[in-house]
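In what follows, a single structure is set out as structure tokens and then discussed.
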Amino acid sequence: MKKFAVIMAVAAALMALFVGTAFADAFDQAIARWEKKERYEESGGGNLTIKVTYYSAEYMEAYVQSEAKKNLWTQDETDDFKYKFLSALQLNDMIPIHVKFINNGPSMHLGPFDIMVTLRVKNKTYKPIEYDKRFNFRFQGEKEGLIFFPRRDAKTGKEILAGAKEVFLEFKPSISPVLDGKRPRFVWTVSNDDPSKLYSGTTAVKMETERLLKRLEKIRKDKAEEEAKLKTINDEISTIQNRLDELEKESSVK
């Protein structure tokens with residue numbers, strides 16, 4: 001009996017090790033697929049490394065599971081973290097990309113940063129709609145943060161990634177003299193990326209509830225605005241009608 005208990009304990013330990021390794025491997029594989037890095041050097045010895053990570057469904061799920069394993073979270077704690085993580089990224093409206101500069105060359109001046117970087121999808125380019133404002137300030141050494149691109153076209157309202165095979169993140173050569181006119185360009189294959197895969201269980205319920213509440217708030221706001229417009233129109237109709245009645249009375253008196 002004692003021997004059986006020892007065997008079970010060893011098996012449990014090996015299983016925990018296997019699961020931990022599996023999560024680590026999954027995260028490492030996700031990083032390898034979705035993190036890109038380029039290093040540039042100048043003749044004077046200065047160099048610049050740019051690391052960019054596209055927040056795909058695969059990457060974010062692997063990250064959540066990696067954090068859960070590292071912190072020994074319960075399923076409820078994992079779901080809560082996942083919900084807050086996805087809510088902060090606003091995936092329904094935005095495409096998040098993490099950028100890290102390691103600048104061992106002349107100071108970089110990136111402000112305003114939203115004109116220094118674009119996302120190219122199917123021959124159309126999009127500017128960031130939000131980004132870490134620290135990118136606007138002059139710096140040497142390391143600086144990192146998130147930039148967010150629109151998920152929907154401003155004119156059509158359609159998702160810009162629908163039917164897209166690849167996306168390209170492009171920086172202007174003027175971000176650093178180290179580039180010597182080169183244009184940093186990073187590409188990801190996104191044809192199989194599906195953020196909806198992230199939403200399941202309690203996370204899906206919370207996200208759907210949040211989406212519906214926001215939608216309801218917008219509809220109520222639109223309703224209030226339309227009712228205010230309608231009241232203005234009705235008031236004008238009433239004013240005009242009253243004046244017409246007055247004119248009719250004046251005409252009959254004469």
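Count residues from 1 along the sequence.
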* Can you see which heavy atom on I160 is nearest to which on D153, and at what distance? => CG2-N, 3.5 Å
* Asked: Is F139 reachable from V52 through a run of hydrophobic residues whose side-chain heavy atoms are each under 4.5 Å from the next?
  -> yes
* Between atom CZ of R138 and atom NZ of K143, what is the distance when rounded to the nearest 0.5 Å? -> 11.0 Å
* Structure fact -> side-chain hydrogen bond (donor to acceptor under 3.5 Å, both in side chains) with Q65: of E61, E67, K69, only one passes, and it is E61
* Asked: With distance as the sole criterion, is a donor-acceptor pair present between the side chains of E246 and N242 under 3.5 Å?
  -> no
* Between atom CE of M108 and atom CE of M116, what is the distance when rounded to the nearest 0.5 Å? -> 9.0 Å
* To do: Determine, for F168 and R185, whether the Lys NZ or Arg CZ falls below 6.0 Å from the six-membered ring centre while staying within 45 degrees of the axis.
  => yes
* Asked: Is K133 positioned over the aromatic face of Y131, cation under 6.0 angstrom from the ring centre and no more than 45 degrees off axis?
  -> yes
* To do: State whether E226 and K229 are salt-bridged, where the test is any N-O pair (Lys NZ or Arg NE/NH1/NH2 against Asp/Glu carboxylate O) under 4.0 Å.
  => yes
* For ring pair (Phe, Tyr, Trp, His ring centres under 6.0 Å), just list the numbers for F85 and Y63, CA-CA rounded to whole Å, side-chain angles, deciding distance to a tenth of an Å, and then say yes or no. => CA-CA 10 Å; F85 179 53; Y63 173 72; 5.2 Å; yes
* So does R134 pair up with D132, basic N to acidic O under 4.0 Å? -> yes
* Asked: Taking 4.0 angstrom as the limit, do K231 and D235 come out as a salt bridge?
  -> yes
* Presence of salt bridge, R39 and E41, under 4.0 angstrom -> yes
* Asked: Got M60 and L198 here, is their nearest side-chain heavy-atom distance under 4.5 Å?
  -> yes
* Which distance, rounded to the nearest 0.5 Å, do you find between the CD of Q90 and the CD of E130? -> 8.5 Å
* Minimum side-chain heavy-atom gap F171-F186 below 4.5 Å -> yes
* Asked: Are a donor atom and an acceptor atom from the side chains of W34 and S56 found within less than 3.5 Å of each other?
  -> yes
* **Nearest-0.5 Å distance that lies between atom OG in S176 and atom NE2 in H109** => 9.5 Å
* Structure fact -> Separation between OG (S174) and CG (L179), nearest 0.5 Å, reads 9.0 Å
* To do: Report yes if some heavy atom in the side chain of L110 is under 4.5 Å from a heavy atom in the side chain of F101; otherwise report no.
  => yes
* Asked: With side chains defined as the heavy atoms from C-beta onward, is the minimum distance between L169 and F149 less than 4.5 Å?
  -> yes
* Asked: Hey, does P150 have a side-chain heavy atom less than 4.5 Å from the side chain of D93?
  -> no
